[in-house]
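Within every chain, numbering begins at 1; the chains are lettered A, B, ... in the order of the sequence lines, protein sequences first and strands thereafter.
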There are 2 protein chains.
Amino acid sequence: MAQTNRRTSRRSIYLKLRQMVLTLELPPGAALSENELAASLGVSRTPVRESLILLAQDGLVQIFPKIGSFVSRVDPAQVADAQFLREAVELASLDALPSDPDHSVITELRDNLARQQRPGLGLEEFFELDEAFHQGLMRLSGHGNVWTTVAAAKGHLDRARRLGLHENVSPAVFADQHREIFDAVVGGDLASARTAMRTHLRAVFSDIERIRAHSPELFATGSSSVPVRRNVVVWE
Amino acid sequence: MAQTNRRTSRRSIYLKLRQMVLTLELPPGAALSENELAASLGVSRTPVRESLILLAQDGLVQIFPKIGSFVSRVDPAQVADAQFLREAVELASLDALPSDPDHSVITELRDNLARQQRPGLGLEEFFELDEAFHQGLMRLSGHGNVWTTVAAAKGHLDRARRLGLHENVSPAVFADQHREIFDAVVGGDLASARTAMRTHLRAVFSDIERIRAHSPELFATGSSSVPVRRNVVVWE
DNA sequence: CGACAGGTGCTTGTATACAAGCACTGCACG
DNA sequence: CGTGCAGTGCTTGTATACAAGCACCTGTCG
């Protein structure tokens with residue numbers, strides 16, 4: 001999908017910053033100074049700046065010209081959009097499943113599920129497996145590359161999920177739902193697979209309002225607020 | 001979806017270049033020199049370069065470090081991916097139509113359809129109306145912002161469409177299909193709407209192989225080729 | 001004649017310098 | 001005391017300089 005991308009510092013910085021935003025290591029609303037990032041990463045402003053521009057296009061960062069750059073707050077509207085997008089795509093992918101799915105992918109998914117149920121699984125490990133599981137399902141229908149687009153668009157959704165699991169650590173429930181989907185797929189029961197997928201995808205989504213009540217400052221408000229500087233730069 | 005983007009030259013250059021790529025004014029395979037573009041646009045390399053980086057993330061441009069930047073060839077695989085994506089999303093949007101659709105959008109769509117059937121309609125005018133029509137349909141279901149994601153991902157599909165219509169000028173067929181979809185939607189006939197939408201979306205897609213036989217040099221080959229310089233820089 | 005090595009001119013990647021703008025600080029003044 | 005206005009220090013936007021690398025061209029040497 002993407003071009004070769006020989007190792008440039010821009011590429012690695014972009015990936016690192018993106019990871020830090022998605023894992024909430026850089027929390028929503030955090031100020032990002034090009035100069036500071038450049039100094040801490042040991043490079044000049046240029047690759048840092050170009051990375052921020054890419055993150056801004058992903059919707060994960062907001063750049064206010066001549067004011068500052070900030071990790072974008074979790075926007076409930078964008079979360080809902082991502083939810084709609086992934087549900088549409090993943091359900092359509094199930095509809096397009098071939099009668100003879102790729103056996104190597106099946107094996108990979110089975111192995112993935114086993115790891116998901118390993119006791120003492122870390123949160124970030126679970127998210128990695130979760131990501132690979134859903135992408136694997138789409139590869140089964142031959143649309144694995146579409147996952148790239150979905151993954152790029154669901155940054156706000158991912159952050160909301162992490163917020164939810166941070167205070168309610170129970171990935172086991174989702175692991176069970178994954179297995180349910182998988183069993184229906186290999187069993188050829190398309191209707192059950194669709195139902196299980198829909199249930200699974202909406203489980204997280206319905207949790208957002210509760211999280212929002214807990215930590216409203218991480219979410220965007222309806223009115224498009226503008227950052228202000230209060231001695232140090234904050235976005236309130 | 002995106003932030004305000006106070007007019008920066010980067011923003012306008014990005015939009016202009018994107019438009020030129022999508023309309024085939026910059027044909028697939030064309031070499032893009034940062035220096036040349038900067039000179040012709042009367043700015044420095046910086047905003048041009050940043051625009052190219054954004055276009056590269058859109059998949060419309062490929063940047064080969066230390067070699068050159070090129071308008072990406074139409075990749076049949078990416079066209080198929082975009083087709084799958086938009087079909088999944090637009091059909092799901094139809095499923096989510098409210099029983100009481102926004103009347104102002106309905107009026108807007110009706111007006112749009114009238115213009116589509118105006119005789120002597122230019123190709124680019126038709127594409128603009130087409131884009132607005134499909135976005136309008138998604139706004140009816142409250143998912144208008146998702147169209148932004150779809151639109152960003154379907155660059156290769158759009159270029160393939162233009163290639164098809166350039167040699168087979170008959171947007172009238174598509175205009176009729178649009179009306180068919182619209183009538184089913186306002187009539188509340190969901191099944192017919194779905195069928196008409198699916199038929200419509202696949203009409204263009206099925207035309208691609210024919211175009212590819214006509215102009216293979218505009219399409220990407222399976223092997224990931226690398227550009228070479230032959231006196232002047234070309235990508236063959 | 002052929003092959004190889006270095007020059008040349010382009011490319012993008014990175015670093016740095018300067019420009020434009022916003023917001024707070026603090027002093028001057030009514 | 002309140003108000004206004006310049007100063008200051010930060011921000012990102014743009015321009016420019018330099019670094020690294022690839023490919024062709026050409027002269028030289030075997």
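Between B:S9 and D:dG13, a side-chain N or O to OP1/OP2 separation shorter than 4.0 Å is absent. Contact annotation: B:T46 does not reach the phosphate of D:dT14 (side-chain N/O to OP1 or OP2, under 4.0 Å). Regarding contacts with the backbone of D:dG13, every side-chain N or O of B:T8 stays at 4.0 angstrom or more from both OP1 and OP2. For A:N35 and D:dT11, the shortest distance from a side-chain N or O to OP1 or OP2 is below 4.0 Å.
If you measure from atom CD1 of A:I13 to atom C1' of C:dT14, you get 10 Å, rounded to the nearest angstrom. One can place CZ of A:R10 at 9 Å from C1' of C:dT12, the figure rounded to the nearest angstrom. Regarding A:L32, its CG atom lies at a distance of 11 Å from the P atom of D:dT11, rounded to whole Å. Remark: C1' of D:dC10 and CD1 of A:I63 are 17 Å apart, rounded to the nearest angstrom. When the C1' atom of C:dA19 is taken as reference, atom CZ of A:R49 falls 13 Å away, rounded to whole Å. Per the geometry, CD1 belonging to A:I53 stands 11 Å off P belonging to D:dT12, to the nearest Å. What separates CZ of B:F70 from P of C:dC10 is a distance of 15 Å, to the nearest Å. Taking atom CD of B:E50 as the reference point, atom P of C:dT12 lies 15 Å away to the nearest angstrom.
The nucleotide whose nearest atom lies closest to any side-chain atom of B:E34 is, among C:dT14, D:dT14, C:dG13, C:dG13. You'll find that the side chain of A:I67 is closest to C:dC22, out of C:dT11, D:dT12, C:dC22. When the nucleotides D:dC18, D:dA15, C:dC22 are ranked by their closest atom to the side chain of B:R45, D:dC18 comes out on top. Comparing atom distances between the A:K66 side chain and each of C:dA15, C:dT12, D:dG13 picks out D:dG13 as nearest. Closest approach to the A:E36 side chain among C:dG13, D:dT16, D:dT11 is made by D:dT11 (side chain taken as heavy atoms from C-beta onward).
Of the possible donor and acceptor atoms, none in the side chain of B:D81 sits under 3.5 Å from a partner among the backbone N and O of A:V146.
More than 12 non-hydrogen atoms from other residues, nucleotides or ligands lie less than 6.0 angstrom from CD of B:E131.
Between B:D130 and B:Q116, the side chains place no donor N or O within less than 3.5 Å of an acceptor N or O (distance only, hydrogens not considered). Side chain to side chain, B:S33 and B:N35 fail the donor-acceptor criterion of an N or O pair below 3.5 Å.
Using the six-membered ring where Trp is involved, A:H178 and A:F126 have ring planes that are parallel, under 30° apart on the 30 and 60° scheme.
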